[in-house]
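For reference, the structure is listed below as structure tokens.
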Number of protein chains: 2
Amino acid sequence: MKPEPEVILFPKHARRPQQFKAWLSAILQMFQEHLGRQGLKLTRQREEILRCLMAAERHLGIDELYLVLKKQDPSIGRATIFRTIKLLQECGLVAEVGTANGRSKFELKADRPHHDHMICIECSRIIEFQSPMMERFQDGAIRRHGFVALWHRHEIFGRCRDCLKHPSSEEDTKFRVGQADQATGG
Amino acid sequence: MKPEPEVILFPKHARRPQQFKAWLSAILQMFQEHLGRQGLKLTRQREEILRCLMAAERHLGIDELYLVLKKQDPSIGRATIFRTIKLLQECGLVAEVGTANGRSKFELKADRPHHDHMICIECSRIIEFQSPMMERFQDGAIRRHGFVALWHRHEIFGRCRDCLKHPSSEEDTKFRVGQADQATGG
DNA sequence: CATTCAAATGAGATCGAGTCTCATTATCAG
DNA sequence: CTGATAATGAGACTCGATCTCATTTGAATG
Ligand SMILES: [Mn+2]
Ligand SMILES: [Mn+2]
Ligand SMILES: [Zn+2]
Ligand SMILES: [Zn+2]
């Protein structure tokens, strides 16, 4: 089999301030244009939320976002974060990632290649993976059925490499799983 | 490219009573054994819920299940349905299928090949598809990352063949589906 | 059979992520 | 600037899902 790409790192621009600034303003402009097209406005809060997602080097949940943003702007409300995340998803700048516990996380999509996720039910780690061949066969199935795909969700739940090594990790006992009946279970 | 399987129909045993009865008791026994192994009991309600899922020829939501079951047993409670569905998922007899509106549906997994789903955001139809090659590459990615998969969720959202044909006279209503989908009618 | 007791049930309380309301504030085109 | 209108934050609300608890039931036992 052909080698497939290994890991998708989050952008590390945060360590190169001028590069980050340029990147931020480019993305902000895209956001503002999208907003403008619908008669909406770019507010201080919307800007901060997007900046936070761009600076993050991991997937963030609503509450994490809320706590981080609250440090700069103690008056920010959860509702605004929900509303803004929804807008960012609508314009394709941000994507939702499921978790085993129901609280979604979010990631910047702009300037990052498409990938899917493996989610560890023990330590909650999210592993990003790419498989162009897999996507190719997925597209084949979609075409075969005369379907037009708008988005997809492909999430694999299980145990990560590290949690398999450390057998005693007692931390997250919430996620009880019945049994592994197949390789990738249904 | 190699031909891949086309459609996965729900079992049509319901029309052949003796075959259905034999099938039902075989599956019931599997369920009872699984329950017994954990000191749990097979109740009238659990039996009825499983029977209902086996007789269904489409994906069922909790409320659909509740309404159907209530006809035979007006005293049945929603909590029991939630509890039983969870048990059935744990022992691998039933799988959850996401929808665009957040209310999951459920399907029997026993005696059916693994497949994934395309979900129409216009008519809520759920199209089942199989792609062994896609699964193969997925498994490759999983192995490459030293991950052990317990289950996965691969759902593609978009518009189905039929909804693409129809001039979309109906506006892009935010899929507030009450319980629109009837018997998957063609 | 009847006995026994842990498991299961249904009604209703509760939880909580996400949404909505509304009075106030901010954006931005002119 | 100003005015029209969108956005905000606090908190009420929604509603699927879970939990509580008094009562009922399954099934093992003799
Ligand atoms: Mn990701
Ligand atoms: Mn299915
Ligand atoms: Zn882990
Ligand atoms: Zn459709």
Side-chain angles (χ1 to χ4, degrees), chain A residues 28-29 31-50 60-67 69-91 94 96-106 173-176, chain B residues 28-29 31-50 60-67 69-70 72-91 94 96-106 173-179:
Chain A
L28 268 177
Q29 196 178 332
F31 189 28
Q32 186 159 30
E33 275 163 19
H34 183 86
L35 291 170
R37 238 170 277 134
Q38 302 177 239
L40 310 180
K41 295 165 182 173
L42 180 62
T43 63
R44 194 186 76 248
Q45 292 89 338
R46 285 175 180 172
E47 208 171 313
E48 279 311 311
I49 290 165
L50 179 53
L60 295 176
I62 294 288
D63 284 354
E64 291 169 295
L65 223 30
Y66 179 64
L67 290 176
L69 290 162
K70 199 144 204 192
K71 284 175 187 168
Q72 305 187 352
D73 176 2
S75 78
I76 198 164
R78 277 190 163 79
T80 299
I81 296 176
F82 277 107
R83 289 186 282 232
T84 301
I85 286 281
K86 189 178 260 185
L87 279 173
L88 288 166
Q89 283 180 267
E90 281 166 16
C91 71
V94 160
E96 182 174 5
V97 181
T99 66
N101 67 27
R103 299 183 190 183
S104 292
K105 304 215 165 196
F106 300 88
T173 49
K174 290 185 247 178
F175 313 123
R176 195 73 50 83
Chain B
L28 269 177
Q29 197 178 332
F31 189 28
Q32 185 160 30
E33 274 163 20
H34 188 269
L35 291 170
R37 238 172 276 134
Q38 302 177 238
L40 309 180
K41 295 165 183 174
L42 180 62
T43 63
R44 196 186 73 248
Q45 292 90 337
R46 285 174 181 174
E47 208 172 312
E48 281 311 311
I49 291 166
L50 180 51
L60 297 176
I62 294 287
D63 284 353
E64 291 169 294
L65 221 32
Y66 179 64
L67 291 175
L69 291 161
K70 200 146 203 194
Q72 306 187 351
D73 176 1
S75 79
I76 199 166
R78 277 190 163 78
T80 299
I81 296 177
F82 278 107
R83 289 186 283 231
T84 301
I85 286 281
K86 189 178 260 186
L87 279 173
L88 288 165
Q89 284 181 265
E90 281 167 14
C91 71
V94 161
E96 183 173 4
V97 181
T99 68
N101 68 26
R103 298 185 189 182
S104 293
K105 303 215 167 199
F106 300 89
T173 39
K174 282 290 177 185
F175 1 102
R176 189 54 60 103
V177 182
Q179 49 112 359

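Since the structure is predicted, the reported quantities are computational estimates derived from the model, not experimental observations.
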> Listed by chain and number, what are the salt bridge (Lys or Arg N to Asp or Glu O under 4.0 Å) partners of Glu33(B), not counting sequence neighbours?
Replying inline: none
Residues that [X] engages under side chain to side chain donor-acceptor pair (under 3.5 Å), provided they are two or more places apart:
X: Lys70(B); value: Tyr66(B)
X: Thr99(A); value: Asn101(A)
X: Gln72(A); value: none

>> At 4.0 Å (heavy atoms only), tell me whether Gln32(A) reaches a base, stays on the sugar-phosphate, or touches nothing.
In response: sugar-phosphate
>> Applying a 4.0 Å non-hydrogen cut-off, can you work out what Glu47(A) is touching in the nucleic acid: base, sugar-phosphate, or nothing?
In response: nothing
side-chain contact (heavy atoms from CB on, under 4.5 Å) with [X]: which residues, sequence neighbours excluded?
X: Thr43(B); answer: Gln45(B), Arg46(B)
X: Arg44(A); answer: Asp73(A)
X: Gln32(B); answer: Leu42(B)

>> Using 0.5 Å steps for rounding, measure from the OG atom of Ser75(A) to the CG atom of Leu69(A).
In response: 11.0 Å
Which whole-number value in Å describes the distance from [X] [atom1] to [N] [atom2]?
X: Asp63(A); N: dG18(C); atom1: CG; atom2: C1'; value: 11 Å
X: Ile49(B); N: dA8(C); atom1: CD1; atom2: C1'; value: 11 Å
X: Ile62(A); N: dG16(C); atom1: CD1; atom2: P; value: 17 Å

>> Quick check on contacts: within residues 39-46 of chain A, what sits under 4.0 Å from DNA chain D by heavy-atom distance?
In response: Gly39(A), Leu40(A), Lys41(A), Thr43(A), Gln45(A), Arg46(A)
> What are the residues of residues 71-87 of chain A, sorted by number, that bring a heavy atom to within less than 4.0 Å of DNA chain C?
Replying inline: Ala79(A), Phe82(A), Arg83(A), Lys86(A)
